[in-house]
Structures are given as C-alpha cells and as structure tokens.
There are 2 protein chains.
Amino acid sequence: MGIFTGSQTNKLDKKGRVSVPRNFRALFDQEKFQGVYVFPSFRVAALEACAESFMERIVDSLEDLPLFSDDQDDLSIIVESAQRLPFDTEGRIVLPDDFRATAGLKSDVKFVGRGRTFQIWHPAHYDAERGPAFERAKTRALTLKLRRPSRAGDEEA
Amino acid sequence: MGIFTGSQTNKLDKKGRVSVPRNFRALFDQEKFQGVYVFPSFRVAALEACAESFMERIVDSLEDLPLFSDDQDDLSIIVESAQRLPFDTEGRIVLPDDFRATAGLKSDVKFVGRGRTFQIWHPAHYDAERGPAFERAKTRALTLKLRRPSRAGDEEA
DNA sequence: TGGATATTTATGGGCGTCAATGGGTCATAT
DNA sequence: ATATGACCCATTGACGCCCATAAATATCCA
C-alpha cells in the first residue's frame, strides 16, 4: 500500500458530502472495504481517517496492551468512536453531524496526508495549528533519523 | 538507485510547468511512481524533492516513533506538506502556486542535486545562499568523515 | 577535422478527459 | 410524512495527452 501525502481542500455540500481526493482514493484499490474509517483525533481539533487494513492494525496493537488495563480501556475509544464511511459512486463520503461539529467543519474541508493515515480539518484551524509546527521545525532544526533502505533494488509485487 | 548531482536551470511556463532535467529523471526508471515528491525546505527558501521510495523511507522512519506522540506529530509536517507531482509525457511537473510562492520562483528554475534528493531554487536565491556556503567551506577547509564502504574489510581504529 | 544530418531534450500551445461539484430521483427506514 | 443513503446525470474547470517547434547534442561522412 502507498502513502498519504500532501493536502487538498474540497467543498462540503448541503448533504454533508465531500469528495475524498483522487490521490488518496487511489490507495484503496486493494482494500476489501471501499471507504474510510474516521474517528475524532484526541490531540487536535480534527478527524483521523484510515483504510480498513490500518484500522485492523490499530485493533491488533490494542490487543498487545494488558487486557482490561487503563491504557487499553482509554485507547479503545478510538475503535469505539470510529465510523465506517463508504465511498459513493463519485468517491465522496458523508460526514455525520457530530463529526462535523467536533472538527468545526463548515463549507471547506482540508484533507491532510500523514503517511498511513490522513486527517480532515477545517482549513483555518489547520493553518493555526500546523503553521507554528513548521516554524518550530525550522528554528529547532528537527532532524529525523532515517531508517536504512530496506533493500538496494526495491522491487514490488 | 543512483544519485542526484550537479545543477541545471530550466524555464517555468505559463501553466506552471517545468521540465525536470533528463539526468535527474533517469534515476526514476525503477520507481513505481513516475514523478517526484516535493515539499518546502524548512532550512532554506527552496523546495526539496525526492522519489517515492525515499519518501516511503521517511514515512517508515516516522512510524518508528510512537503513534500520536509529539515527536511524530512535529516531524509529520514533511509528509503533510509533500505534494506528489507526476511527470507528464515530456518529463515535466506542475509546480502548485503555493510552492512557487514559498520558493519565490519566477520564470527560471534551478535544479540542484543533493544525492538522494534534489532542491528547486530561484537561481538568484541559490547564488546568494549557496555562494557564501562554498566560500565558508573553502576557507574553513571543511572535512567530511566518510562511512566505510559496505564491502566487509578490517575494522581497526 | 569540419560540416551536414540525425537524435535527443526542452519548450509552447491546443484540446480531450477526468475529477470535483451540485442537484435530482428512488428505495428504505424512522 | 420525513430523513437518510445509494445511485444517476449535468456542468465546469483543471490537468494530462498530444503535436509542433526550437535548441542542444550526438553521429556520420567526405
């Protein structure tokens, strides 16, 4: 599976529908479920979204935590609040009212790639939150320790 | 995959298109995705560019950090701002407006090889930024500690 | 070695296709 | 009835594909 990168802003219509960017949708070709899993972020005022296969990874990771522990209990909120939203014929999803409310979404919706997941923002909120993050990266000169390349001649299935 | 070296200046047309130098494009032969990932540098007034396989290394490296952690959040800005720009039939890419703005690009665009990545500059800005850097390296006689060749040999200190 | 010719690369513009958007209809569930 | 969701269609505007030309490089031959 590929990666979600970059961002794109699309319109939310009266019916609560919004087109998922073509680039993002393209990564769902091999997915069983043609649609996204969406849940509120508990860090920022945005929604998190991913494919079914990644949601299964989350569930598996939760199982690694001690059964009935506080951590497992708290983090399970992700699964509890996640909605399964199928694409319509045109590649749109319907965002439920409570999701629109928690993310403060109005007429415009910004899709932001985060690798294996992507986020759904009110454009102005994104600029307010992430603009400073870019500045922090600049001033603190954050560096990322890169993994060694997996293999020299990267051949894929 | 080979390495990006040297530099070349090409024209940006009215549509925002610019040819990627043939030398650079040649390194994309074994890539799944025929195009580049471009994102603003947070060190200099230029754009960074790389192939898909390198961007996947970045994403994988981010995944080594805990999900939803602060570090992961800050460093994700690279992935969030990276746009996927495919080559057209002639080997050109379209540079989005905001990228042209952040790098101050006008009619001419300078491609600068940086090994696994390359940069995209306004030619004048490059001369202003990098000229002094070259002078500094010369006067301070900078040295680089080389990694040992991967072929196994003696390991004496 | 020089000059003519062929090949490749860069550049510019027209045009068809497709993604995004908005609205309508029908079935189902409340 | 009213709301919700799945599908269909029409519009528009951006993007990708195509071709035509120019510039640069390589190739060939006298």
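Reminder, nothing fancy here: chain letters follow the sequence lines and each chain counts from 1. The structure displayed is predicted, hence computed values, not measured ones. What you see below is based on every heavy atom in this structure, not just the backbone, and it leaves out hydrogens, waters and symmetry mates.
Remark: the backbone N or O of A:Ser7 is paired with a side-chain donor or acceptor of B:Gln83 at under 3.5 angstrom.
A donor-acceptor contact under 3.5 angstrom links the side-chain atoms of B:Arg92 to the base of C:dG12. A donor and an acceptor atom sit less than 3.5 Å apart, one in the side chain of B:Glu90 and one in the base of D:dC18. For B:Arg17 against D:dG16, a side-chain-to-base donor-acceptor contact under 3.5 Å is absent.
Nucleic acid contact class of B:Val18 (heavy atoms, under 4.0 Å, all strands): none. Across all strands, A:Asp88 comes closer than 4.0 Å to no nucleic acid atom at all (heavy-atom distances).
Remark: B:Lys14 is in phosphate contact with C:dG13, judged by side-chain N or O atoms under 4.0 Å from OP1 or OP2. Taking only side-chain nitrogens and oxygens, A:Gln8 never comes nearer than 4.0 Å to OP1 or OP2 of C:dA19. At the phosphate of C:dA20, OP1 or OP2 sits under 4.0 Å from a side-chain N or O atom of A:Arg25.
Proximity of A:Val18 to A:Leu95: side-chain heavy atoms (C-beta onward) are separated by under 4.5 Å at one or more points.
Atom pair B:Asn23:CG and C:dT8:P shows a separation of 15 Å (rounding to whole Å applied). In this entry the distance linking CZ of B:Arg22 with P of D:dA24 reads 18 Å, nearest Å. In this entry the distance linking CZ of B:Phe87 with C1' of C:dT9 reads 14 Å, nearest Å. B:Phe111 has its CZ atom 12 Å from the C1' atom of C:dA10, to the nearest Å. Per the geometry, CZ belonging to A:Arg84 stands 15 Å off P belonging to D:dG5, to the nearest Å. One can place CD of B:Gln83 at 14 Å from C1' of D:dC15, the figure rounded to the nearest angstrom. We find that CG of B:Asp13 is positioned 15 Å from C1' of D:dT21, with the value rounded to whole Å. B:Ile93 has its CD1 atom 15 Å from the C1' atom of D:dG16, to the nearest Å.
Looking at which nucleotide of DNA chain C each of B:Lys15 and B:Ser19 is closest to, the 5′-most match is held by B:Ser19.
Between B:Phe24 and B:Phe4, the angle of the ring planes goes over 60°, which puts this pair in the perpendicular group of the 30/60° scheme. Using a 30° and 60° split on the angle between ring planes, B:Tyr37 and B:Phe33 fall in the perpendicular class, above 60°. Relative ring orientation between A:Phe118 and A:Phe28 is described as perpendicular, the plane-to-plane angle rising above 60° on a 0-90° scale split at 30° and 60°.
The side chain of A:Thr89 lies closest to D:dC7 when the candidates are C:dG22, D:dC7, C:dA10. Comparing atom distances between the B:Val94 side chain and each of D:dG16, C:dT21, C:dA20 picks out D:dG16 as nearest.
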